[in-house]
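Count residues from 1 along the sequence.
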Amino acid sequence: MNYVLEAKNITKDFPGVRALDNVSFDLQKGEIHALCGENGAGKTTFINVLSGRFPSAFYSGDIFIDGGKTVLNTVREAEKAGIAVIHQELNLYQDLSVTENIFIGHEIQKFGNMNWNAMYSETNEWLNKLQMENVRPTTKVKDLGIGKQQLIEIARILRLENIKIIILDEPTASLTEFEVELLLKLLRNLKKQDIASIYISHKIDEVMEIADRVTVFRDGQTVGCAEKADLTKKEIVRLMVGREIKELFPKIECEKGETVLEVKNFSVVNPSTSKYIVKDAGFHVKRGEILGIFGLIGAGRTELMSSIFGNKMGTVSGDIYIAGSKKTINSPGAGLKEGIAYVTEDRKGLGIIHTMNVKENTSLSHLEHFSSFLAIDENREVHSVLKSVQALNVKMSSLDAKIINLSGGNQQKVLLARSLMKGVSVLILDEPTRGIDVGAKHEIYQIMGSLVQSGVAIIMVSSELPEILGMCDRILVMCRGVITGEFDNREKIITQEEIMICATGTGIEANEK
C-alpha cells in the first residue's frame with residue numbers, strides 16, 4: 001500500500017489523563033481520510049503530534065512519511081516534511097493584510113527586498129480561485145467575516161511548497177453553504193494532485209460526502225477504521241458515542257401554551273452606515289414551543305436575537321411584549337429580569353470566561369442573588385451552581401475545574417446552566433450545537449425537550465438545516481435582515497429546498513434604509 005503517512009502506536013499522557021492510548025493511523029496518497037470522535041476523544045492531541053506541536057520526547061510511538069521514519073519536534077519541521085494544519089481556531093494576524101497573512105514567513109523576495117508586486121499578483125490569483133473577487137490583497141483580515149478568514153487560512157497553507165498532507169480541523173464550522181461547497185471542491189482538486197487530507201468534522205453528512213475512509217477515536221483509542229462505502233451514518237455515530245442513538249433529533253411533542261414573547265416592527269440599524277441590519281421583524285413564540293430561526297451568514301439572525309435580549313447591536317426600534325405586556329429592554333440585565341435568557345453563538349469569545357472555573361462561570365450573571373452585606377454567600381452559591389450543573393449532567397472533576405479544560409459540549413452546558421439558574425420563560429439559543437460532537441448534541445437536544453415540557457419557550461438560531469427541521473415546531477427564515485418565510489413544521493413535511501429559496505432572498509429587494 002502506498003502510504004504517505006503512518007502513525008504507529010502513538011501514546012500521549014497528560015497529568016492524570018491518557019489522551020492517546022496506542023493509536024495507529026495511516027493515510028494513502030491522494031486520500032481524504034476522515035477522523036471522527038466526540039470532544040475529548042483525542043483528535044486534537046493527535047493533530048498536535050502530527051503537526052510538531054508536541055515534540056517527540058513528550059509522546060511514544062513512531063511517525064513515517066513516505067515510508068521513512070520521521071521525527072517532528074516543531075511546526076516548521078512538520079511543514080518541511082510536507083504536513084500542514086488548518087486549525088479550528090484561526091491562526092491569522094487580524095491587523096495585517098490578506099497578502100501579509102498568506103505570505104508571512106514565506107515572503108517572495110527580489111534582490112533582498114520584499115517583492116510586493118509578485119505577492120499581490122499571487123494573492124489575486126488565490127482570491128479568484130476562492131471566488132473572493134470583492135476582497136483586495138490589501139484588505140485587513142479583521143475586516144473580513146469568519147468564513148472568508150477561514151478561506152484565507154486555507155490559501156496560506158495551500159501555497160506552501162512540498163505540502164503532501166493537509167489536516168483540516170472542523171474547517172466548515174464558520175462557513176456558509178456556498179463556502180463549504182467551495183472547500184470540498186478544493187479538496188477534490190487536491191486529491192487529483194495526490195495531496196492527501198485528514199478531514200476532522202462532527203458533521204457526519206460532510207464526512208459521508210467527501211471521505212474515502214473513516215477512522216473513529218473514542219477515549220483516546222482507535223475504535224474503528226473502514227472504507228466510507230462500508231459505513232452508514234448510524235454506524236459512525238455508534239462508534240463515536242459507544243452506544244446506538246436511535247434518533248439524532250429527539251424532538252418531544254408537548255402542548256403549546258399562551259404566547260410568552262411577541263415582537264412587532266423590530267428593526268436594527270447600523271449607526272455608521274444608516275443601513276438596516278434587521279428590518280420590520282415580527283414574530284411570536286409560545287410556551288412549550290421551539291421556534292427555529294434559519295438564515296445564511298449575514299442574514300441578521302444574531303443581531304435580531306441579541307438586540308431583543310437587550311444587547312443592542314445597532315440603533316433599535318420596535319416593540320417587545322412579554323406575556324402581553326409591552327416592555328422596554330435596554331440591557332441584558334433587563335432581559336434577564338423579564339425572564340429572557342440568551343446563550344451566545346460565540347462560546348469561546350463571548351460566552352465562557354477562560355480564566356474562571358466552572359462555579360464562577362455558572363454564577364457570573366446572578367451574583368446579586370448570592371450577595372449578603374457586600375459579600376458573596378459562597379455556600380449558597382456553591383449549592384445553587386452544583387444543582388444547576390448536575391441537572392444538565394456537566395462532566396467535570398469539580399466546580400473548581402477551569403472551564404477551558406472542559407470539552408466543548410460541557411462548556412456549552414455550563415452556559416446553559418448559567419442561563420437557567422434563575423427561572424426563564426424564553427430561552428434564546430444561538431447556534432447551540434456549533435463545534436460540539438454528536439453525543440453532546442444529542443444531550444443538548446434532550447435538555448431542550450425537557451425545557452419545553454416544563455413550559456419554557458425556546459428560540460433556536462441554527463445554520464444546520466437538518467437540526468432546524470428535526471427540532472423545531474415552527475421555522476422563520478431570514479435574508480438580508482428581513483423575515484422572508486415562515487413554516488409550520490407540524491402541519492406538513494418541509495423540504496430543505498423550500499427553506500433555501502427564502503434564505504437566498506429570491507425576489508427580495510435589498511433592505512437598505
Side-chain angles (χ1 to χ4, degrees), residues 38 202-206 208 232-238 240-241 243-261 283-295 301 305 341-343 345 391-393 408-409 412-413 415-417 419-420 424-478 483 485-500 502-503:
E38 294 191 272
H202 294 312
K203 298 180 180 180
I204 308 300
D205 287 335
E206 276 180 19
M208 296 301 284
T232 65
K233 288 192 285 186
K234 283 190 175 181
E235 286 170 333
I236 294 173
V237 171
R238 181 182 57 78
M240 287 172 61
V241 302
R243 64 188 188 280
E244 185 175 0
I245 294 180
K246 294 181 180 178
E247 293 181 277
L248 288 178
F249 304 106
K251 188 174 182 300
I252 295 176
E253 298 293 340
C254 60
E255 189 174 341
K256 309 301 180 274
E258 71 278 9
T259 296
V260 62
L261 170 69
F283 66 89
H284 70 277
V285 61
K286 296 182 177 182
R287 293 193 183 279
E289 181 179 37
I290 300 178
L291 176 66
I293 310 289
F294 180 79
R301 303 165 305 163
M305 291 301 136
Y342 177 81
V343 179
E345 65 171 336
L392 299 185
N393 193 30
Q412 190 73 349
K413 286 194 280 184
L415 294 184
L416 271 171
S419 297
L420 299 172
V424 301
S425 54
V426 180
L427 176 62
I428 302 172
L429 300 174
D430 197 347
E431 300 286 4
T433 64
R434 174 177 287 171
I436 64 177
D437 60 72
V438 66
K441 282 185 179 184
H442 195 259
E443 288 187 81
I444 296 293
Y445 298 147
Q446 289 177 319
I447 291 167
M448 290 170 63
S450 298
L451 289 171
V452 292
Q453 278 188 315
S454 69
V456 174
I458 294 179
I459 302 174
M460 180 172 72
V461 177
S462 177
S463 300
E464 296 190 29
L465 268 178
E467 178 174 79
I468 284 281
L469 290 168
M471 290 301 297
C472 298
D473 298 299
R474 284 186 302 122
I475 301 163
L476 299 180
V477 184
M478 293 186 69
I483 294 176
E486 179 175 348
F487 300 87
D488 192 324
N489 205 25
R490 298 161 296 187
E491 293 184 350
K492 73 182 190 77
I493 297 174
I494 310 299
T495 67
Q496 295 192 23
E497 289 76 14
E498 288 177 282
I499 292 179
M500 286 304 297
C502 294

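- The pair D205-K203 fails the salt-bridge criterion, with no side-chain N (NZ, NE, NH1 or NH2) lying under 4.0 Å from an Asp/Glu carboxylate O.
- Side-chain N or O atoms of T259 include none that pairs as donor or acceptor with a backbone N or O of L261 at under 3.5 Å.
- Residues K286 and E255 are not paired through a salt bridge, judged by the lack of any N-O separation under 4.0 Å between the basic side chain and the carboxylate.
- To the nearest 0.5 Å, atoms OG (S462) and CD (E345) are separated by 10.5 Å.
- Look at R301 and D430 and you find no salt bridge, because none of the NZ, NE, NH1 or NH2 atoms lies under 4.0 Å from a carboxylate O.
- The shortest heavy-atom contact between K251 and M471 is CE-O, 3.3 Å.
- Separation of atoms OG (S463) and CD1 (I293) is listed at 12.0 Å; rounding is to 0.5 Å.
- Taking 4.5 Å as the limit, some side-chain heavy atom of L416 sits within range of a side-chain heavy atom of L427.
- Side-chain atoms of V461 and L429, non-hydrogen and from C-beta on, never get closer than 4.5 Å to each other.
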Checking side-chain contact (heavy atoms from CB on, under 4.5 Å) for the pair K441/R434: CA distance, chi angles, key distance, verdict?
-> CA-CA 9 Å; K441 282 185 179 184; R434 174 177 287 171; over 6 Å; no

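- With contacts defined as side-chain heavy-atom distances shorter than 4.5 Å, the pair D473/L291 does not qualify.
- Applying the salt bridge (Lys or Arg N to Asp or Glu O under 4.0 Å) test to E467 and every residue at least two apart in sequence or in another chain returns nothing.
- No salt bridge links K233 with E235; every basic N to acidic carboxylate O contact stays at or beyond 4.0 Å.
- In the model, Q453 has no side-chain atom that pairs as donor or acceptor with a side-chain atom of S450 under 3.5 Å.
- Residue pairs that meet the ring pair (Phe, Tyr, Trp, His ring centres under 6.0 Å) test with at least one member in residues 443-473, sequence neighbours left out, are F249-Y445.
- V260 and A457 make their closest contact through CG1-CB, 3.5 Å (heavy atoms, listed as atom of the first residue, atom of the second, distance).
- The two residues I444 and K413 make their nearest non-hydrogen contact at CD1-CG, 3.8 Å.
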Would you please test L465 and I499 for side-chain contact (heavy atoms from CB on, under 4.5 Å) and show each step?
-> CA-CA 8 Å; L465 268 178; I499 292 179; 3.6 Å; yes

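- Side chains of V343 and Q412 form a contact here, defined as non-hydrogen atoms less than 4.5 Å apart.
- Annotation: side chain of L469 is in contact with side chain of Q496 (closest heavy-atom distance under 4.5 Å).
- D488 contributes no side-chain N or O that, together with a main-chain N or O of R474, makes up a donor-acceptor pair within less than 3.5 Å.
- Taking both residues in full, the closest heavy atoms of C472 and G292 are given as SG-CA, 3.4 Å, listed atom of the first, atom of the second, then distance.
- The two residues G455 and R287 have their closest heavy-atom pair at O-CB, 3.3 Å.
- Atom CE in M460 sits 13.5 Å away from atom CD1 in I428 (nearest 0.5 Å).
- With rounding to the nearest 0.5 angstrom, the CD atom of E443 is 6.5 Å from the CD1 atom of I447.
- With contacts defined as side-chain heavy-atom distances shorter than 4.5 Å, the pair M305/I459 qualifies.
- Side-chain contact between L476 and F294: absent, with no pair of heavy atoms (C-beta onward) separated by less than 4.5 Å.
- Listed here is the closest heavy atom pair of A341 and V424: CB-CG1, 3.7 Å.
- Inter-residue side-chain proximity for E486 and I475 is flagged as unmet; no heavy-atom pair is nearer than 4.5 Å.
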